Every structure is written in C-alpha cells, then in structure tokens.
Amino acid sequence: MTRSVGRWKSPGGERAYTQAYRAILSGLPAPSLVQDVTITYGRVHVLMWRGRESGPPVLLLPGRGSGALMWSENMPDWIGHRTVYALDPIGDSGLSVQCLPLKGFEDQADWIAETLHQLNIAQAHVVGHSFGGANAAIFAVRHPELVATLTLLEPVMVIERLAASTYFWATVTQLPVPQRVKDKALAEIGGTTVAEVRHRTPMSTMISMGASNYTAALPIPRKLNDDQWRHLAMPIRVDIGGTKSLAGGAKAADRIRRLLPHADVHYWPDATHSLPMQKHQQLDPELLAFWRGNSQPQRSSDEYPLP
C-alpha cells in the first residue's frame with residue numbers, strides 16, 4: 001500500500017522524458033484533442049484521435065513506466081478507424097500529475113472511471129498492457145457498466161503472481177546503479193535484449209528516462225479470485241506470451257479459459273512480455289475486428305459524445 005504521490009526527481013529528468021515523449025508524438029498523426037482532465041487524484045493527460053467508425057471509443061492503458069505513447073507502434077493501425085483515447089497514468093511517469101495518493105489497488109479503477117466521466121464517455125473498449133492490463137482488469141471488476149469490451153495484453157499479477165526475480169529487476173531500475181545495470185534490468189522486465197534497450201530510439205529513451213528520473217507511487221496489483229473473473233460478462237480478449245511472460249504464460253492462459261469460457265484467449269509461445277509491440281502486425285487488425293464485432297451500441301449513439 002502506498003501513501004505518497006509520484007514525482008520527478010529533477011526538472012532535468014522531466015525535461016529529458018518530455019523531449020522523448022514529444023519526439024514520439026511527432027511521428028504520429030496529430031491528435032484531435034490534447035487535454036489535462038482534473039480528477040480527485042490530480043490531472044490526467046489525455047490524447048484523443050477521432051475515428052470514423054461508430055460505437056464506443058478505445059481506451060488505452062499503458063504498462064509501467066512508459067506513458068500513453070507506449071502504444072505508438074500500434075496506434076497507426078487504429079487511428080482513423082476507431083476513436084482512440086490514450087492516458088498517461090496517475091502515479092507513474094508521463095505527463096499526468098498526481099496530487100493525492102493511491103491507497104489501494106481499487107483506486108486504480110476509480111481514477112480511470114472518474115476520467116471517463118469527466119470526458120463524458122459512457123462506455124469504452126478498454127485495452128491494457130502489463131500494469132495497464134492489471135488496471136484494466138480491476139476497472140472491469142469495479143465498473144463493468146463502463147466497459148464495452150476488455151482486452152488484456154500480458155496483464156501482470158491479476159491472473160498469476162509475478163516471479164520474485166521480476167521484483168528484483170524492478171527495484172534495480174530505481175537504484176543509483178550504473179546505466180548498464182539499469183539497461184539489463186529493463187531488458188529483463190520487458191522481455192527484450194540489452195542491445196535493444198541500448199539502441200537509443202525515442203521510445204527506449206523515454207522509457208529509460210522515466211525509469212531513472214520518476215519516483216512512482218503505485219499500489220501493487222493483486223491476483224483476482226475466481227469469482228471476480230467469473231463475474232466479468234463483457235466480451236473479453238486475453239493475449240499471453242510464452243517466453244519471458246510476466247502474465248503467467250500457459251498456466252495463466254489455462255486459468256482464464258477455465259474461468260471464462262466465453263473469453264477469446266490467445267497464447268503466443270514465441271512472444272515475450274512486449275507482446276503488443278512484437279506482434280503488432282497480426283494483433284492490431286485482430287483487435288480492430290474484435291472491437292467492430294462487439295460495437296453494436298447498447299445505448300444510443302448520442303450517449304457517446306466526443307469533445
């Protein structure tokens with residue numbers, strides 16, 4: 001349980017992160033909306049791209065330490081089709097600002113719900129990766145009426161617990177150790193190689209700057225019990241990797257298949273925890289089809305107003 005707020009360690013570190021963030025954003029189509037939404041826990045930085053297809057928008061929740069632009073490899077396949085909202089999380093690196101602590105895992109669900117209410121979104125196709133997947137899962141448990149569909153990509157902790165080694169490497173990223181050691185830790189967590197981490201693209205720079213310069217204040221996700229999973233009645237898709245999976249690998253996929261026979265479960269034996277980026281060429285059109293197939297409005301289209 002955390003009782004502090006996330007913060008940047010120095011103005012220079014924040015500037016370095018923001019510079020990389022803006023470099024990635026400049027490579028995407030210009031957002032239709034950039035807005036800071038004030039909620040109980042602070043200000044949530046929101047990016048929105050308007051799409052031509054009707055029905056609920058897509059809501060993207062990123063993994064730990066990356067911010068909304070974690071999805072930059074996937075977004076080009078979705079932008080223009082669906083209306084897409086990408087959020088910088090409260091309590092983690094990004095352009096959002098936290099002012100009150102998140103005292104428990106359920107608070108992750110509540111800040112998301114409050115953000116949707118402030119944006120006047122009645123329902124969304126909710127997509128989360130890694131810690132964002134954990135947040136998406138608890139959000140669906142606590143606020144199912146706001147979830148048109150739920151997509152969980154390598155969600156951590158909510159299906160199966162993390163290995164002890166993952167906690168170790170996550171701690172290393174926050175320590176004053178040489179950069180080569182932090183690069184090793186980021187590679188272990190992300191399921192990539194040290195060479196990939198050291199290849200300084202705007203994305204790797206942004207993640208590295210976030211890990212090194214932001215002190216996060218996040219509750220630890222917890223494993224959801226069988227009843228919590230069984231009560232999720234919305235259409236669900238779950239994608240889990242095999243190599244260096246942090247979601248639990250084949251064991252996690254089997255658990256979801258047993259508890260949610262209606263869920264669309266995909267096990268990728270050759271994918272790592274970075275599954276959304278590694279498999280984006282196949283995954284992105286499949287998710288578009290999933291959202292289209294489950295976008296028959298349960299409410300009138302007037303209840304999906306856009307700013």
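Computed from heavy atoms alone, side chains included, the values below leave out hydrogens, waters and symmetry copies. Note that the structure is predicted; figures quoted are calculated from it, not measured.
Between the side chains of Glu53 and Ser295, no donor N or O sits under 3.5 Å from an acceptor N or O. Under 3.5 Å, the side chains of His125 and Thr149 contain a donor-acceptor pair of N or O atoms. Judged by distance alone, the side chains of Gln118 and Glu114 never bring a donor and an acceptor atom under 3.5 Å apart.
Taking 4.0 Å as the cut-off between side-chain N and carboxylate O, Lys279 and Asp239 do not count as a salt-bridged pair. Remark: Lys9 does not engage Glu14 in a salt bridge, criterion side-chain N to carboxylate O under 4.0 Å.
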Solution key, residues 126-140 side-chain donor-acceptor pairs under 3.5 Å, sequence neighbours excluded:
residue: His129; atom: NE2; partner: His273; partner atom: O; Å: 2.7
residue: Ser130; atom: OG; partner: His273; partner atom: NE2; Å: 2.7

Donor-acceptor pairs under 3.5 angstrom involving side-chain atoms of residues 227-234: please list them, not counting sequence neighbours.
residue: Gln228; atom: OE1; partner: Asn225; partner atom: N; Å: 2.9
residue: Trp229; atom: NE1; partner: Val158; partner atom: O; Å: 3.4
residue: His231; atom: ND1; partner: Asp227; partner atom: O; Å: 2.7

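The distance from the OG1 atom of Thr83 to the CG atom of Leu33 is 11.0 Å, given to the nearest 0.5 Å. A distance of 11.5 Å separates CZ in Arg237 from CG in Asn294, rounded to the nearest 0.5 Å. How far CG of Leu87 is from CG of Leu119: 7.5 Å, rounded to the nearest 0.5 Å.
When all heavy atoms are compared, the tightest approach of Pro219 to Gly104 is CG-O, 3.4 Å.
Other residues, nucleotides and ligands place no more than 12 heavy atoms under 6.0 Å from the CD atom of Gln19.
Sorted by first and then second residue, the salt bridge (Lys or Arg N to Asp or Glu O under 4.0 Å) pairs involving residues 87-100 (not counting sequence neighbours) are Arg64-Asp92. Listed by first and then second residue, the ring-ring contact (aromatic ring centres under 6.0 Å, His included) pairs involving residues 246-270 amount to none (not counting sequence neighbours). The ring-ring contact (aromatic ring centres under 6.0 Å, His included) contacts involving residues 52-71 comprise nothing, where partners must be two or more places apart or lie in separate chains. Residue pairs meeting the salt bridge (Lys or Arg N to Asp or Glu O under 4.0 Å) criterion with at least one member in residues 210-225, sequence neighbours excluded, are Glu106-Arg222, Glu160-Lys223.
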